[in-house]
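Data first, discussion second: the structure below is written as C-alpha cells.
Chain letters run A, B, ... following the sequence lines, proteins first and then strands; every chain starts at 1.
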Amino acid sequence: MASETRGPQGFERVIEAAPAKVAEFAETKTPVQKLQYALHQTPALVPLIVLVASIIGFGLLLGHKFFSAYALTLILQQVAITGIVGAAQTLVVMTAGIELSVGAITVLSSVIMGQFTFRYGIPAPISVLCGLGVGTFIGFLNGTMVARMKLPPFIVTLGMWQIVLAANFIYSANETIRAQDIEEKAPILQFFGETIRIGGAVLNFGAILMIAIVAVLAYVLRHTAFGRHVYAVGDDPDAAELAGVKVKSILISVYTISGLICGLAGWALIGRLGSVSPTSAQLENINSITAVVIGGISLFGGRGSILGMMFGALIVGVFTLGLRMYGTDPQWTFLLIGSLIIAAVAVDQWIRKAAA
Amino acid sequence: MDQKGGGVMDPILTARGLTKRYGKVTALDHCDFELYPGEILAVIGDNGAGKSTLIKALSGAVIPDEGEIRLEGQPINFASPLDARAKGIETVYQTLAMSPALSIADNMFMGRELRRPGMMGKLFRMLDRPQMERIAREKLSELGLMTIQDINQAVESLSGGQRQGVAVARAAAFGSKVIILDEPTAALGVKESRRVLELILDVKARGIPIILISHNMPHVFEVADRIHIHRLGRRLCVIDPKQYTMSDAVAFMTGAKLPEGAEAA
Ligand SMILES: Nc1ncnc2c1ncn2[C@@H]1O[C@H](COP(=O)(O)OP(=O)(O)OP(=O)(O)O)[C@@H](O)[C@H]1O
Ligand SMILES: [Mg+2]
C-alpha cells in the first residue's frame with residue numbers, strides 16, 4: 001500500500017523533456033472551411049453579399065430605372081419602419097426570445113401620440129413622450145414576465161400582441177387622424193416624414209432614424225459589457241449566470257429597450273403615413289422576424305449581428321421594389337422572400353457546423 | 001470550535017447544516033464543511049454524492065434551503081455567484097460556465113469587463129479590448145496554454161481541454177480569497193493536468209486556499225493537505241492524506257469501509 005506514489009507519476013516525468021512551446025495548429029483548412037469560418041466570424045457577410053447581388057441583379061435587369069440614387073433611397077424609405085422594428089426584434093432574438101407584440105406596440109404608441117394631442121389637447125411633444133413611455137412600459141412588462149416569472153417569450157408576447165392590439169382598437173375607437181389635421185396642428189408628429197435631398201437621393205428622417213438606431217445598437221452590442229452580456233444570455237443563460245452576468249436584469253433591459261424602439265417606430269410610422277391609423281403596422285411583427293432571419297441572426301440566440309438584420313430588411317425592400325418595377329405579380333415577391341427565409345436558416349445551420 | 005488537522009488558525013470558510021433539496025432528491029443533507037487558510041482541501045465522493053451542489057452553495061450559485069455559511073467568521077448569504085466573486089471567491093464550475101459564441105477574452109472578463117480610460121470608457125462605456133486581450137493572453141501563457149492561437153477565437157472553437165484551461169485561468173487570475181475547482185482536470189491531457197496541478201500549488205504559495213473536487217486519486221493525494229470525503233449529501237469524514245492510502249479513501253467514499261479513527265463529521 002505504501003508503494004502508492006505521491007507526486008508526479010513515473011509516466012508524467014517525461015513531460016519535462018517535451019518542448020516548452022507547444023506545436024501550433026497545422027493549417028489544413030480547405031477553402032470551403034475557410035469560408036465557413038469567415039462567415040461564422042462575420043455573420044452579416046451573407047446578407048450583405050445577397051443584398052449587393054440582388055441590387056446588381058435588378059440593376060442589370062431594369063437598368064437606370066432601378067439603379068438610380070432615387071430608387072435606391074426609396075427602398076431605404078420603404079424599409080425604415082421594418083428596420084426600426086427589426087432592431088427591437090433583434091435584441092430580443094439575440095437573447096433566444098421572440099417578440100410578437102412589436103407591431104402592436106408600434107401602432108399603439110403612434111395612436112397614443114395622435115390621440116393625446118388631438119383628443120386631450122396635450123402639447124404634441126409631450127404626447128410623443130407619452131407614446132414612447134407606453135411603448136417602453138409594455139416592453140418592461142414583457143421583460144418582467146419573461147425574466148422574473150420565467151414564462152416563455154413566445155407565449156408572453158403572443159398574449160401581449162392580442163392585448164395591446166385590442167387596447168389600441170378600443171382606445172382609438174378605430175378612428176384615424178387625418179394627415180391634414182396633423183400637418184396643421186401638430187407637425188412634429190410627422191417629423192420623421194421630412195426629407196432631405198442630396199442630388200437624386202431622397203432620404204427621409206425615418207430612414208436616418210433606422211440607420212442611427214442600428215449604428216448605436218451595433219456599437220453597444222459589440223463594444224460594451226451590456227452588449228456582450230446580451231450575447232452571453234442568449235448563448236447559455238445558466239452559464240452566463242454562473243459567470244457573473246445578471247441574467248434577469250439583462251433580459252428586462254432588452255425587452256424594455258425593444259419597447260422603446262417600437263415607440264420610436266410608432267413615431268416614424270406617423271411620418272411615413274402622414275396620418276395616425278390604428279390599423280397600420282399589422283404586419284411589422286412578421287416583417288421584423290423576416291428581416292432578422294434573412295439577416296442571419298439565429299433564432300436560438302447568441303449569434304448574429306444587427307447589421308445583418310438591416311441588410312435583411314433591405315433585401316426584402318430590393319425584391320419588393322425590383323419586382324414591382326419589373327411588373328410581375330406581387331405574389332412573386334412573397335414566394336421569393338419565403339425561399340430566402342428558408343435558405344437563410346439553412347446557411348445558418350451550415351455555418352454553425354464550423355464551430356462543431 | 002476545535003481545529004483538528006487545520007493548524008492553529010480559524011477556518012476561512014465554514015458551513016453548518018447545509019441542506020439542499022431538488023424536489024424529492026436531497027442533494028445536500030445537513031452537510032458541514034470547513035476550509036482553513038492557505039490549505040488545499042480536496043473534496044472526493046461518488047457521482048451524485050453532492051459535491052458540486054456543496055461548492056455551488058459556497059459560491060452563491062445555489063441557495064441552500066437550510067444551514068449557515070461563514071466567510072472569515074462573518075455569516076454570508078450569497079444571492080448570486082456575482083456576490084461571491086465580489087468577496088474574492090472564484091469558482092471553476094464543472095460545466096465551465098462559458099459562453100460558446102464569445103471570445104476567450106470576453107469570457108475571461110465576463111461580468112468584470114474593463115473599460116477604456118477617459119471619455120470613451122466613461123461616457124460611451126467602451127470596452128478596453130486591447131487590455132483585456134493582453135491580460136487574457138498573459139494568464140493563459142502562465143498556464144502553458146500556448147496552443148491557443150487567437151485570443152479572439154470563439155470558445156466553441158476550442159477543444160474541451162482548452163476550454164477547461166481557460167476556465168481555470170479565469171479563476172486563478174481573479175480569485176483573491178478562495179478558489180474552488182470542480183473537476184478542473186477531467187478533460188485535460190496528461191501534460192495540461194500537470195500544469196493545472198502546478199498552478200494549484202502556485203496559488204497555494206500565494207496564500208490562497210483552494211477547494212479541489214476531483215475523481216483522480218493520485219492527483220488528490222499529491223496536492224491535498226486534507227481530504228473531505230463526501231457521501232450521500234454530507235461529509236463522511238476528513239482525512240489526512242499522509243495517514244491514509246488511496247484505497248482507504250476509496251473504501252470510505254464508496255461505503256465499503258467505515259472510518260473509525262478519522263474525525264466524524
Ligand atoms: N439542478 C438540479 N436539479 C435536480 N437535481 C439536481 C440538480 N443538481 C443536482 N441534482 C441532484 O443532486 C444530487 C447531487 O448532485 P451533484 O451534482 O452535487 O453531485 P456530484 O457529487 O457533483 O457528482 P459528480 O461527481 O457526478 O459531479 C444528484 O442526485 C443530482 O441528481
Ligand atoms: Mg459534480
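Using a 4.5 Å cut-off between heavy atoms, F226(A) does not touch chain B at all. With a 4.5 angstrom heavy-atom cutoff, M98(B) touches chain A only via backbone atoms.
When all heavy atoms of L82(B) and G244(A) are compared, the closest pair comes out as CD1-O, 3.1 Å. Of all the heavy atoms in S99(B) and D235(A), the pair that sits closest is C-OD2, 3.5 Å. Residues A243(A) and A97(B) share a closest heavy-atom pair of CB-O, 3.7 Å.
Here L127(B) is the residue among L127(B), N152(B), D106(B) with the most heavy-atom pairs under 4.5 Å with chain A.
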> Would T224(A) and M126(B) count as a side-chain contact (heavy atoms from CB on, under 4.5 Å) if you check the C-alpha gap in whole Å, the side-chain angles of each, and the deciding distance to 0.1 Å?
Replying inline: CA-CA 5 Å; T224(A) 70; M126(B) 188 186 235; over 6 Å; no

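Contacts between residues 113-124 of chain B and chain A, counted as heavy-atom pairs separated by less than 4.5 Å, involve E113(B), M120(B), F124(B).
K246(A) has its side chain out of reach of S80(B): every pair of non-hydrogen atoms, C-beta onward, lies at least 4.5 Å apart. Taking the side chain as every heavy atom from C-beta outward, H223(A) and R125(B) never approach each other to under 4.5 Å.
Atom OG1 in T95(B) sits 8.0 Å away from atom CG in D236(A) (nearest 0.5 Å). Between atom OG of residue S103(B) and atom CZ of residue R228(A) there is a gap of 7.0 Å, rounded to the nearest 0.5 Å.
With sequence neighbours left out, K204(B) forms a salt bridge (Lys or Arg N to Asp or Glu O under 4.0 Å) with D225(B). R148(A) pairs by the salt bridge (Lys or Arg N to Asp or Glu O under 4.0 Å) definition with nothing, not counting sequence neighbours. With sequence neighbours left out, F137(A) forms a ring pair (Phe, Tyr, Trp, His ring centres under 6.0 Å) with no residue at all.
F300(A) CZ: 12 or fewer foreign heavy atoms inside a 6.0 Å radius.
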